[in-house]
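Sequential numbering from 1 along the given sequence is applied to the chain's residues.
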Amino acid sequence: MQGLIGKKVGMTSIFDENGKNIPCTVLQAGPCIVTQVKTVEKDGYSAVQLGFEDKNEKHSNKAEAGHFKKANTVPKRKVMEFSDFDQDLKEGEVVTASIFDGEEVLDIRGWSKGRGFQGVVKRHKFGGVGGQTHGQHNRGRAPGSLGASSFPSRVLPGMRMAGRMGGNKVMAMDLKVVRIMVENNILIVKGSVPGPKGGYVIISK
(Lines give C-alpha, C1' and ligand atoms only; values in the text may rest on other atoms or scores of the structure.)
Protein backbone atom coordinates (compact mmCIF):
# COMPACT_ATOMS: atom_id res chain seq x y z
CA MET A 1 0.00 0.00 0.00
CA GLN A 2 1.55 3.25 -1.16
CA GLY A 3 0.21 6.36 0.49
CA LEU A 4 0.58 9.34 2.80
CA ILE A 5 -0.58 10.58 6.18
CA GLY A 6 -2.83 13.62 5.96
CA LYS A 7 -5.43 15.72 7.68
CA LYS A 8 -9.04 16.55 6.91
CA VAL A 9 -9.36 20.29 6.28
CA GLY A 10 -13.11 20.45 5.69
CA MET A 11 -15.80 20.20 3.02
CA THR A 12 -16.67 22.38 0.07
CA SER A 13 -18.43 22.10 -3.28
CA ILE A 14 -17.15 22.44 -6.84
CA PHE A 15 -19.02 22.93 -10.11
CA ASP A 16 -18.02 20.53 -12.89
CA GLU A 17 -17.92 21.29 -16.64
CA ASN A 18 -21.66 20.54 -16.89
CA GLY A 19 -22.56 22.99 -14.12
CA LYS A 20 -23.37 20.26 -11.60
CA ASN A 21 -22.58 21.03 -7.96
CA ILE A 22 -20.33 18.29 -6.49
CA PRO A 23 -19.84 18.00 -2.70
CA CYS A 24 -16.13 17.51 -1.97
CA THR A 25 -13.72 17.03 0.92
CA VAL A 26 -10.47 19.00 1.15
CA LEU A 27 -7.48 17.06 2.49
CA GLN A 28 -3.95 18.07 3.39
CA ALA A 29 -1.78 15.22 2.07
CA GLY A 30 1.61 15.48 3.73
CA PRO A 31 4.34 16.53 3.45
CA CYS A 32 5.63 13.43 5.24
CA ILE A 33 9.19 12.66 6.36
CA VAL A 34 10.73 9.20 5.96
CA THR A 35 11.61 8.36 9.57
CA GLN A 36 12.68 4.73 9.00
CA VAL A 37 13.21 2.29 6.14
CA LYS A 38 12.58 -1.34 7.11
CA THR A 39 14.15 -4.21 5.16
CA VAL A 40 13.62 -7.96 5.00
CA GLU A 41 17.21 -8.65 6.13
CA LYS A 42 17.01 -6.51 9.26
CA ASP A 43 13.31 -6.37 10.19
CA GLY A 44 11.79 -9.39 8.45
CA TYR A 45 9.66 -7.31 6.09
CA SER A 46 10.01 -4.27 3.85
CA ALA A 47 8.20 -1.02 4.60
CA VAL A 48 8.68 2.72 4.77
CA GLN A 49 7.79 4.55 7.98
CA LEU A 50 6.45 8.07 7.45
CA GLY A 51 5.99 10.83 10.02
CA PHE A 52 3.54 13.72 9.74
CA GLU A 53 3.18 17.04 11.59
CA ASP A 54 5.84 18.31 13.97
CA LYS A 55 5.57 17.62 17.69
CA ASN A 56 7.13 19.62 20.51
CA GLU A 57 10.29 17.89 21.74
CA LYS A 58 9.39 18.44 25.40
CA HIS A 59 6.30 16.26 24.84
CA SER A 60 8.42 13.37 23.53
CA ASN A 61 10.28 10.76 25.57
CA LYS A 62 13.95 9.90 25.00
CA ALA A 63 13.15 6.85 22.87
CA GLU A 64 11.02 8.93 20.48
CA ALA A 65 13.58 11.75 20.33
CA GLY A 66 16.38 9.30 19.54
CA HIS A 67 14.34 7.54 16.87
CA PHE A 68 13.57 10.74 14.98
CA LYS A 69 17.09 12.10 15.48
CA LYS A 70 18.43 9.21 13.35
CA ALA A 71 16.34 10.55 10.47
CA ASN A 72 17.58 14.14 11.12
CA THR A 73 14.11 15.42 11.88
CA VAL A 74 12.06 16.63 14.85
CA PRO A 75 9.51 14.33 16.59
CA LYS A 76 6.27 13.75 14.69
CA ARG A 77 2.70 13.52 15.95
CA LYS A 78 1.57 10.74 13.60
CA VAL A 79 3.67 7.81 12.37
CA MET A 80 2.55 5.15 9.90
CA GLU A 81 4.14 2.39 7.85
CA PHE A 82 3.56 1.96 4.11
CA SER A 83 4.75 -0.64 1.63
CA ASP A 84 5.15 -0.97 -2.14
CA PHE A 85 6.59 2.51 -2.82
CA ASP A 86 7.60 3.00 -6.43
CA GLN A 87 10.78 4.91 -5.65
CA ASP A 88 13.64 3.98 -3.30
CA LEU A 89 13.36 6.26 -0.28
CA LYS A 90 15.98 7.08 2.33
CA GLU A 91 15.63 8.34 5.90
CA GLY A 92 15.08 12.08 6.04
CA GLU A 93 13.53 12.38 2.56
CA VAL A 94 10.28 14.31 2.10
CA VAL A 95 7.27 12.68 0.40
CA THR A 96 4.63 15.05 -0.97
CA ALA A 97 1.22 14.83 -2.61
CA SER A 98 2.93 14.53 -6.00
CA ILE A 99 2.81 10.70 -5.61
CA PHE A 100 -0.97 10.95 -6.23
CA ASP A 101 -0.62 13.03 -9.39
CA GLY A 102 -2.45 11.21 -12.17
CA GLU A 103 -4.49 8.99 -9.82
CA GLU A 104 -8.23 8.85 -10.52
CA VAL A 105 -9.46 7.19 -7.29
CA LEU A 106 -8.05 6.85 -3.75
CA ASP A 107 -8.85 4.89 -0.58
CA ILE A 108 -9.01 7.02 2.58
CA ARG A 109 -9.05 5.70 6.14
CA GLY A 110 -10.09 7.80 9.10
CA TRP A 111 -11.60 7.57 12.56
CA SER A 112 -15.30 8.38 12.80
CA LYS A 113 -16.52 11.00 15.24
CA GLY A 114 -16.93 9.66 18.77
CA ARG A 115 -20.52 10.12 19.98
CA GLY A 116 -20.12 8.69 23.47
CA PHE A 117 -22.86 6.64 25.16
CA GLN A 118 -26.03 6.84 23.05
CA GLY A 119 -29.49 5.27 23.18
CA VAL A 120 -31.05 2.90 20.68
CA VAL A 121 -32.87 5.62 18.72
CA LYS A 122 -29.66 7.43 17.77
CA ARG A 123 -27.34 4.41 17.74
CA HIS A 124 -29.50 1.91 15.85
CA LYS A 125 -32.19 4.16 14.31
CA PHE A 126 -35.03 2.66 16.38
CA GLY A 127 -38.39 4.31 15.78
CA GLY A 128 -39.44 4.43 19.42
CA VAL A 129 -42.24 2.50 21.15
CA GLY A 130 -45.92 3.24 20.51
CA GLY A 131 -47.30 6.74 20.80
CA GLN A 132 -48.60 9.02 23.52
CA THR A 133 -52.18 8.47 22.34
CA HIS A 134 -51.92 4.79 23.31
CA GLY A 135 -51.74 5.40 27.05
CA GLN A 136 -48.00 5.77 27.64
CA HIS A 137 -46.15 9.03 28.08
CA ASN A 138 -42.49 8.38 28.93
CA ARG A 139 -41.33 5.39 26.85
CA GLY A 140 -40.99 6.99 23.41
CA ARG A 141 -37.22 6.39 23.07
CA ALA A 142 -37.02 3.14 25.03
CA PRO A 143 -35.69 -0.06 23.37
CA GLY A 144 -38.80 -2.09 24.24
CA SER A 145 -38.72 -5.85 24.82
CA LEU A 146 -35.27 -7.49 24.80
CA GLY A 147 -36.50 -11.06 24.23
CA ALA A 148 -38.31 -14.00 25.80
CA SER A 149 -39.15 -14.39 29.50
CA SER A 150 -38.99 -17.92 30.95
CA PHE A 151 -36.82 -19.28 28.16
CA PRO A 152 -33.95 -18.63 27.62
CA SER A 153 -34.21 -16.20 30.58
CA ARG A 154 -31.33 -14.08 29.33
CA VAL A 155 -30.52 -11.45 26.72
CA LEU A 156 -29.07 -13.11 23.62
CA PRO A 157 -25.67 -11.94 22.29
CA GLY A 158 -25.83 -9.35 19.53
CA MET A 159 -28.98 -7.67 20.82
CA ARG A 160 -29.07 -4.05 19.67
CA MET A 161 -28.94 -1.93 22.81
CA ALA A 162 -27.64 1.41 24.04
CA GLY A 163 -23.86 1.82 24.23
CA ARG A 164 -20.79 3.62 22.96
CA MET A 165 -21.13 4.98 19.45
CA GLY A 166 -18.51 6.16 16.95
CA GLY A 167 -14.75 6.40 17.28
CA ASN A 168 -14.19 3.50 14.87
CA LYS A 169 -11.71 3.13 12.02
CA VAL A 170 -13.60 3.57 8.75
CA MET A 171 -12.37 3.27 5.16
CA ALA A 172 -13.96 5.18 2.29
CA MET A 173 -13.03 3.32 -0.88
CA ASP A 174 -12.63 4.49 -4.47
CA LEU A 175 -13.14 8.20 -3.85
CA LYS A 176 -12.79 10.14 -7.09
CA VAL A 177 -9.98 12.72 -7.19
CA VAL A 178 -11.44 16.06 -8.29
CA ARG A 179 -8.32 18.23 -8.01
CA ILE A 180 -4.70 18.03 -6.83
CA MET A 181 -2.69 21.10 -5.80
CA VAL A 182 0.81 19.61 -5.58
CA GLU A 183 2.53 22.85 -4.59
CA ASN A 184 0.32 23.13 -1.47
CA ASN A 185 -0.09 19.38 -0.82
CA ILE A 186 -3.87 19.72 -1.12
CA LEU A 187 -6.20 16.98 -2.37
CA ILE A 188 -9.87 17.48 -3.20
CA VAL A 189 -11.93 14.28 -3.44
CA LYS A 190 -15.58 13.73 -4.27
CA GLY A 191 -17.87 12.91 -1.34
CA SER A 192 -17.30 12.70 2.39
CA VAL A 193 -14.39 11.33 4.41
CA PRO A 194 -14.75 9.85 7.92
CA GLY A 195 -13.70 11.96 10.88
CA PRO A 196 -13.95 15.54 12.12
CA LYS A 197 -12.18 18.63 10.81
CA GLY A 198 -8.52 18.40 11.72
CA GLY A 199 -8.72 14.61 12.07
CA TYR A 200 -5.88 12.47 10.73
CA VAL A 201 -6.48 10.35 7.63
CA ILE A 202 -4.47 7.71 5.79
CA ILE A 203 -4.56 8.29 2.03
CA SER A 204 -3.56 5.37 -0.16
CA LYS A 205 -3.63 4.35 -3.81
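- Pairs of residues two or more places apart, or lying in two chains, that qualify as salt bridge (charged side-chain N to carboxylate O under 4.0 Å, His left out) and include a residue from residues 60-73 are Lys55-Glu64.
- Following chains of ILVMFWY side-chain contacts shorter than 4.5 Å, one cannot reach Leu175 starting from Val26, and the two form parts of different hydrophobic clusters.
- In the hydrophobic clustering of this structure, Val120 does not group with Met165; members are Ile, Leu, Val, Met, Phe, Trp, Tyr whose side-chain heavy atoms approach within less than 4.5 Å, directly or through other members.
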Can you give the donor-acceptor pairs under 3.5 Å from side chains of residues 31-42 to other protein atoms, not counting sequence neighbours?
from  : atom 1 : to    : atom 2 : distance (Å)
Thr35 : OG1    : Gln49 : O      : 3.2
Thr35 : OG1    : Gln49 : OE1    : 2.7
Lys38 : NZ     : Tyr45 : OH     : 3.1
Lys38 : NZ     : Glu81 : OE2    : 2.7
Thr39 : OG1    : Lys42 : N      : 3.4

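- Side-chain contact between Leu4 and Phe52 is absent, with no heavy atoms from C-beta onward closer than 4.5 Å.
- Sorted by first and then second residue, the salt bridge (charged side-chain N to carboxylate O under 4.0 Å, His left out) pairs involving residues 195-205 (not counting sequence neighbours) are Asp86-Lys205, Glu103-Lys205.
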Please tabulate, for the side chains in residues 5-14, all donor-acceptor contacts under 3.5 angstrom to protein atoms that are two or more places apart in sequence or on a different chain.
from  : atom 1 : to     : atom 2 : distance (Å)
Lys7  : NZ     : Glu53  : OE1    : 3.4
Lys7  : NZ     : Glu53  : OE2    : 2.4
Lys8  : NZ     : Val193 : O      : 2.8
Lys8  : NZ     : Gly195 : O      : 2.8
Ser13 : OG     : Asn21  : OD1    : 3.3

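- Qualifying salt bridge (Lys or Arg N to Asp or Glu O under 4.0 Å) partners for Asp54, counting only residues two or more places apart in sequence or in other chains: Lys76.
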Check your understanding: Passes side chain to side chain contact (heavy atoms under 4.5 Å, CB included), Tyr200 versus Arg77? Steps please.
Key -> CA-CA 10 Å; Tyr200 293 111; Arg77 290 186 180 274; 3.4 Å; yes

Could you give the side-chain donor-acceptor pairs of residues 104-118 under 3.5 Å, partners two or more places apart or in another chain?
from   : atom 1 : to     : atom 2 : distance (Å)
Asp107 : OD1    : Asp174 : N      : 2.9
Ser112 : OG     : Gly167 : N      : 3.2
Ser112 : OG     : Asn168 : N      : 3.0
Ser112 : OG     : Asn168 : O      : 3.3
Gln118 : NE2    : Arg115 : O      : 2.7

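- Linking ILVMFWY residues whenever their side-chain heavy atoms come closer than 4.5 Å, directly or via other members, leaves Leu27 and Val178 in distinct clusters.
- In this structure a side-chain-to-backbone donor-acceptor pair under 3.5 Å is missing from Asn18 to Lys20.
- Looking only at side-chain heavy atoms (C-beta outward), Val48 and Gln2 stay at 4.5 Å or farther from each other.
- Ile180 and Ile186 are assigned to two separate hydrophobic clusters, defined by single-linkage of ILVMFWY side chains at heavy-atom distances under 4.5 Å.
- For the atom pair Phe82 CZ and Leu89 CG, the distance stands at 11.5 Å (nearest 0.5 Å).
- In the hydrophobic clustering, Met171 connects to Met173, either directly or through intervening members, whenever side-chain heavy atoms lie under 4.5 Å apart.
- Among residue pairs with one or both ends in residues 90-101, those qualifying as side chain to side chain donor-acceptor pair (under 3.5 Å) are Thr96-Ser98; sequence neighbours excluded.
- In this structure, Ile188 is not a member of the same hydrophobic cluster as Val182, with clusters built from ILVMFWY side-chain heavy atoms closer than 4.5 Å.
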Side chains of residues 142-151: which donor-acceptor partners sit under 3.5 Å, not counting sequence neighbours?
from   : atom 1 : to     : atom 2 : distance (Å)
Ser145 : OG     : Gly147 : N      : 3.3
Ser145 : OG     : Gly147 : O      : 3.4

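- Take Ala97 and apply the side chain to side chain contact (heavy atoms under 4.5 Å, CB included) test, not counting sequence neighbours, and it matches Ala29, Asn185.
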Review point. Stepwise, does the side chain to side chain contact (heavy atoms under 4.5 Å, CB included) test hold for Val155 with Met161?
Key: CA-CA 10 Å; Val155 177; Met161 300 173 68; 4.2 Å; yes

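- For the salt bridge (charged side-chain N to carboxylate O under 4.0 Å, His left out) condition, no pair includes a residue of residues 154-170, sequence neighbours left out.
- Listed here is the closest heavy atom pair of Pro194 and Ala172: CD-CB, 4.1 Å.
- With a 4.5 Å cut-off between side-chain heavy atoms of Ile, Leu, Val, Met, Phe, Trp and Tyr, the cluster of Val79 takes in Phe68.
- Taken to the nearest 0.5 Å, the CG atom of Leu187 stands 12.0 Å off from the CZ atom of Arg179.
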